[in-house]
Asker: 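Below are the structure tokens for one structure; questions will follow.
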There are 2 protein chains.
Amino acid sequence: MEYNSNIDRKSFKPAYIQLVNILRSQIDSGKFRPGGRLPSESQLCKSYNVSPMTVRRAINILLQEGVVSTTQGRGTFVKAIELHSVKFGSRELQDIFSGNIDTKVKLLEVKIIKANADIALKLNIKPDTRVILIRRLIMKDMEPVFYHQEYLIYNPTHPTVESEMGVTALYGLFTGRGEASLKRGEISIKPAILSETEAHLLLVDTSLPSFRLEHIFFDFDNRPISWGYFLCRSDKISFNTRVGSGETSDIILENQ
Amino acid sequence: MEYNSNIDRKSFKPAYIQLVNILRSQIDSGKFRPGGRLPSESQLCKSYNVSPMTVRRAINILLQEGVVSTTQGRGTFVKAIELHSVKFGSRELQDIFSGNIDTKVKLLEVKIIKANADIALKLNIKPDTRVILIRRLIMKDMEPVFYHQEYLIYNPTHPTVESEMGVTALYGLFTGRGEASLKRGEISIKPAILSETEAHLLLVDTSLPSFRLEHIFFDFDNRPISWGYFLCRSDKISFNTRVGSGETSDIILENQ
DNA sequence: AAGTGGTCTAGACCACTAT
DNA sequence: TAGTGGTCTAGACCACTTT
């Protein structure tokens, strides 16, 4: 939040960030209502004594945040809140996998099995090909939070396999210190009802609904490497988002 | 995707977008692996005959996408895929609420009730204050997808109330043509198990798990205006994301 | 014609990292 | 010291919308 409405050139905050904060708090205060027009870019240049590129940069940020919309030749307008393209994040997921020290991974089982039709389809291999099954329990504060089950392509010459089997390898994926051989992944969330054995592992009742976080990863040849899913206790995790002009002011600086 | 590795000044695509696509496809191809360093900005200026600001802009986009990370004085590096801060979106949600013509809202009930402790807490009012209860069914292709239940502050002088009661007002929220009096909202996703009556309304069995999409909206005085939730059939909706260097090339241009 | 957003230049200066 | 990312300038030119 900017308390004064001028740009402080001595501040450690860049001018464009200060301008973003000024404009956002003005929108937030109701000075510019949804549908209303912001001052033109050239006006902003004069008002705050900054160059066009700096104004442009500030407005681009508000644009990306979905706070304003621009039309060439018309102006910059405050957007009404809209829900159809919201993105959800999870504070708890971030907490658990941010290298937090009280997060433990308990390896339940590692074995080589023959792929059934379903696994074969997902991993794009022939049925009955050998794959590695890993079952893990992720604990936070001594309590189970996730049950994780994963099928890996079995390839003795492939370096991924060995490192993935390590219980700590899971961290890497979350914290970015993971495999350089993984190119991309796809993850989806669905709600799930736990089976008796799954509920037992997570120390909950089957009446507690859960998230099923399914994932698949590919190498640089676009071949599937692993497929699996997390089952998450719904009392330990949720996905959230904010829309409209919230007080997100300082997050931007942290990201840069 | 860029097929040649030079910037076409006659193209309708801006130079910085072309550069983003070139760099991304080079990362995608494995030319720059996770952990590896990209050419320096000044090198990129020379290679592609663009100004520093244009290179900067391109790299900023890759930075925002999480594809690369930068360190002042060291360089720009390809990031390994990381999961802890992924954001999930829903294609189905987008489809249903993008002004699609075959989406219908069926109003089940509108009545004034006295707020119980739970509702009073959420809406920051005294218990037994009168609130409006709205119950809706959102249909797609003649099939129910969402059950929606919402509690609105009852205030005859407030313009929000009347327009919200209209069955079509729901669209506005999703498409951005909604209330200009709403400042911000918070939305969360949890898994849920349907009650008998809820399952009956959605024409499914209680054994089908569902999403519960809870929302609360505030006006420009930061007062809660409405609180409620959607129950979503899990066979009709999912939340997804991609990590790593996927083929997201052209989406960027569409957003701009 | 005047005003708007959108792209781009060709430098400048600074802070930081490596050697 | 040399190279790196990061910010910023003071204009230019273009495409578009409004009057």
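In what follows, every chain begins at residue 1, and chains take the letters A, B, ... in the order their sequences are listed.
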Asker: For A/Gln72 and C/dG5, what is the distance between atoms CD and C1' respectively, to the nearest whole Å?
Answerer: 5 Å
Asker: Rounded off to whole Å, could you give me the CG-to-P distance for the A/Asn60 and C/dG5 pair?
Answerer: 12 Å
Asker: Is B/Arg91 atom CZ crowded by more than 12 heavy atoms from other residues, nucleotides or ligands, each under 6.0 Å away?
Answerer: no
Asker: Heavy atom of residues 37-48 of chain A under 4.0 Å from DNA chain D: which residues?
Answerer: none
Asker: If you compare all heavy atoms of B/Ser51 against all heavy atoms of B/Cys45, which two are closest, and at what distance to 0.1 Å?
Answerer: C-SG, 3.9 Å
Asker: Between C/dT7 atom P and B/Gln18 atom CD, what is the distance in whole Å?
Answerer: 12 Å
Asker: Could you tell me if the side chain of A/Arg57 sits less than 4.5 Å from the side chain of B/Asn60, heavy atoms only?
Answerer: yes
Asker: Give the rounded distance in Å between these two atoms: CD1 of B/Ile7 and C1' of C/dT7.
Answerer: 13 Å
Asker: Please give, in whole Å, the distance from C/dT7 P to A/Arg57 CZ?
Answerer: 14 Å
Asker: Would A/Glu65 and A/Arg24 pass as an ion pair if we require N to O under 4.0 Å?
Answerer: yes
Asker: Among D/dT9, D/dG5, C/dC8, which is the nearest nucleotide to the side chain of A/Val50?
Answerer: D/dT9
Asker: OP1, OP2 of C/dT9 versus side-chain N and O of B/Thr54: anything below 4.0 Å?
Answerer: yes
Asker: Would you mind telling me which of D/dG5, D/dT17, C/dA10 lies closest to the side-chain atoms of A/Arg74?
Answerer: D/dT17
Asker: Only one of B/Trp227, B/Phe230, B/Tyr229 forms a ring-ring contact (aromatic ring centres under 6.0 Å, His included) with B/His215, so which one is it?
Answerer: B/Phe230
Asker: Any side-chain N or O of B/Tyr16 less than 4.0 Å from the OP1 or OP2 oxygen of C/dT7?
Answerer: yes
Asker: Between D/dA10 atom P and B/Met53 atom CE, what is the distance in whole Å?
Answerer: 14 Å
Asker: Between D/dC8, C/dT7, C/dT9, which nucleotide has the shortest distance from any of its atoms to the side chain of A/Arg9?
Answerer: D/dC8
Asker: In this structure, how many angstroms lie between the P atom of C/dT7 and the CD1 atom of B/Ile17, rounded?
Answerer: 8 Å
Asker: Nearest to the side chain of B/Ala15, heavy atoms from C-beta on, is which of C/dC8, C/dG5, C/dT7?
Answerer: C/dC8
Asker: Do B/Ser90 side-chain atoms and B/Ser238 backbone N/O form a donor-acceptor pair below 3.5 Å?
Answerer: yes
Asker: Nearest of C/dC8, D/dG5, D/dC8 to any side-chain atom of B/Thr76?
Answerer: D/dG5
Asker: For A/Thr71 and for A/Asn49, find the nucleotide of DNA chain D with the closest heavy atom, then tell me which residue's nucleotide is more 5'.
Answerer: A/Asn49
Asker: Would you mind telling me which of A/Asn21, A/Asn49, A/Ile22 makes a side-chain contact (heavy atoms from CB on, under 4.5 Å) with A/Ile7?
Answerer: A/Ile22
Asker: In whole angstrom, what separates B/Lys13's NZ from D/dC14's P?
Answerer: 23 Å
